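These figures come from a predicted structure and were not determined experimentally.
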Amino acid sequence: MIRIYILLLLVMLMWGLNVSALKTLVDAIDPMLLTSFRIFTAGVAVLIACGIMGILRWPYKHEWLTIFSIAIFNVILHHIFIAVGLEMTTGVNASLILGLTPLVTMMMAVVFLRQHVTWLRVVGFILGFLGVVVANMSGAGGLGAITIGDFIVFLGILVQGFSFVMISKLKPTFDPRLATGYMMVIGSVFIFIISQAFGSEVQEITSLLDWKLALVFLFSSIMATAFGHMTYNFATKQVGPAETAIFINLNTLFAIIGSAVFLNEVITMNHLAGFVLILFGVFIGTGALEYLMLKRKKTQNKVS
C-alpha cells in the first residue's frame, strides 16, 4: 500500500508541474495543434506500456462505441478546453480551478449515478466554490478579474468529471489503462482535425525542435499524461476513490508552486486563502473526511 501512495504522490507532483509545462507550450504553439500531438504521443506510450504488461488486446465491436463516447468528453473536449483556457488565463488561476476536479466528479456521480450525498459533503462543495471565487478576487477588479479563460478551464473539468462517471461504468473485462490508451489515440486524431478546421498551421509544431520545449513536451505527454493517468486509474481501483481524492489536493499545491517557480507568477494572499478553502472543500466534499472518521471509529471499536 505504501508503494501505491508513493506513486500517487509522484503523479500529483507531475500533474501539478504539468500546468506550468502546458502554459509554456501553448505560449509557443497553437493550443489545439499542440494538444493533438501531445495526446497522440501519450496514447502510443500507454499502448506500448500495456503491451509490455501483457494486457494489450484489440477491443471487441461493442467496446468501440464505449471507448469513443468516453473519448469525446475525457480526451477531445477536456483537453481542448484546458489548452485554450490556459492560453487565456494564468497558471495559478488554472491550478486553483483544476483543484475542483474531485468535487465536480463527486457532484456528477450524485446527479448521474444517484449516489447519496450528506450535508457534510454539501459543505465541502460550498467551500471549494468559495475557494475559487476568493482566489480569483486577487486583482484590482475583484470578481471582475475572472476571465473567459478561467471559465473555459472550468468547462474542461466539467466534461472530465462526466467522463469519470462514464469510465466507472466500464465492464471489468476491459482494463481502464488499456481503454485510456485507445481513447487518447482516437481523441488526438479528432483534435488534430478540429485544429485544422480552425486554421492551425502544422509547421508550428517545428517549435519542438528547440531542445528545451522538446523536453517540456516529452515530460507533459509521456510522464504527466501517459504514466500519470495509467497510475492514477490503477491506484483508484486498488485503494478506492476516497483515499486517492486526498492526494489530488497536493496536485493543486504543486501546480501553484510550479507557476511561481517556472512561470514567475505572483502568488497573492487571495490565492493562498483560496487554496486553503479548496483544500478543505475537496477533503470534505469528496467524502475523504467521512471515510477517515469511519475508519477511525472501526479501529477504536476493535481496540475496545
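Every residue two or more places apart in sequence or in another chain that forms a side-chain contact (heavy atoms from CB on, under 4.5 Å) with L47 is listed here: L56, L178, Y182, V185. Residues forming a side-chain contact (heavy atoms from CB on, under 4.5 Å) with S188 (at least two apart in sequence, or on another chain): I39, F40. Not counting sequence neighbours, the partners of W119 by the side-chain contact (heavy atoms from CB on, under 4.5 Å) test are V122. Checked against ring-ring contact (aromatic ring centres under 6.0 Å, His included), F81 has no partners two or more places apart in sequence or in another chain.
When each of V46, T66, I67 is paired with M183, the side chain to side chain contact (heavy atoms under 4.5 Å, CB included) condition holds for I67 and for no other. Among L7, L10, L8, the single residue meeting the side chain to side chain contact (heavy atoms under 4.5 Å, CB included) criterion with T231 is L7. With respect to M88, the side chain to side chain contact (heavy atoms under 4.5 Å, CB included) criterion is satisfied by exactly one of V153, I152, D150: I152.
Residue V202 is not grouped with residue L209 when hydrophobic side chains (ILVMFWY) are merged at heavy-atom distances under 4.5 angstrom, including chains of intermediate members. The hydrophobic cluster containing L9 also contains F227, counting ILVMFWY residues as joined when their side-chain heavy atoms lie under 4.5 angstrom apart, directly or transitively. Under the 4.5 Å side-chain heavy-atom criterion for ILVMFWY residues, no single connected hydrophobic cluster contains both V189 and V44.
In this structure a side-chain-to-backbone donor-acceptor pair under 3.5 Å is missing from T225 to A42. Using a distance-only test at 3.5 Å, with no hydrogens or angles considered, no donor-acceptor pair links the side chain of K23 to the main chain of L263. Judged by distance alone, with hydrogens and angles left aside, the side-chain atoms of T299 form a donor-acceptor pair with the main-chain N or O of K295 at under 3.5 Å. Checking side-chain atoms of E63 against main-chain N and O of Y60 turns up a donor-acceptor pair under 3.5 Å. Although no hydrogens or angles enter the test, the distance criterion places no donor-acceptor pair under 3.5 Å between the side chain of S220 and the main chain of A21. For the pair H78 (side chain) and G156 (backbone), a donor-acceptor distance under 3.5 Å is present. Side-chain atoms of S195 do not come within 3.5 Å of backbone N or O of M32 as any donor-acceptor pair. Between the E204 side chain and the D30 main chain, a donor and an acceptor come within less than 3.5 Å of each other.
Contact detail for I205 and L33: the closest heavy-atom pair is N-CD2, 4.2 Å. Closest heavy-atom contact between F254 and L13: CD1-CA, 3.3 Å. The nearest pair of heavy atoms linking N74 to S163 is ND2-OG, 2.9 Å.
For residues 185-205, the ring pair (Phe, Tyr, Trp, His ring centres under 6.0 Å) pairs, not counting sequence neighbours, are F68-F190.
Of the inter-residue distances, the one linking L77 atom CG with L155 atom CG reads 9.5 Å to the nearest 0.5 angstrom. With rounding to the nearest 0.5 Å, the separation of CZ in F162 from CD1 in I70 is 10.0 Å.
Annotation: M53, atom CE; neighbour count of heavy atoms from other residues, nucleotides and ligands within 6.0 Å is above 12.
One finds no salt bridge joining K212 and D210 here, because no Lys/Arg side-chain nitrogen approaches an Asp/Glu carboxylate oxygen to under 4.0 Å.
Contact annotation: the side chain of I284 approaches that of L120 to within less than 4.5 Å [non-hydrogen atoms, C-beta and beyond]. Between M223 and N18, the closest side-chain pair of non-hydrogen atoms is not below 4.5 Å.
Chaining together hydrophobic side chains whose heavy atoms lie under 4.5 Å apart places L215 alongside W211.
Using a 3.5 Å distance cut-off with no hydrogens or angles, the side chains of H229 and R177 do not pair a donor with an acceptor.
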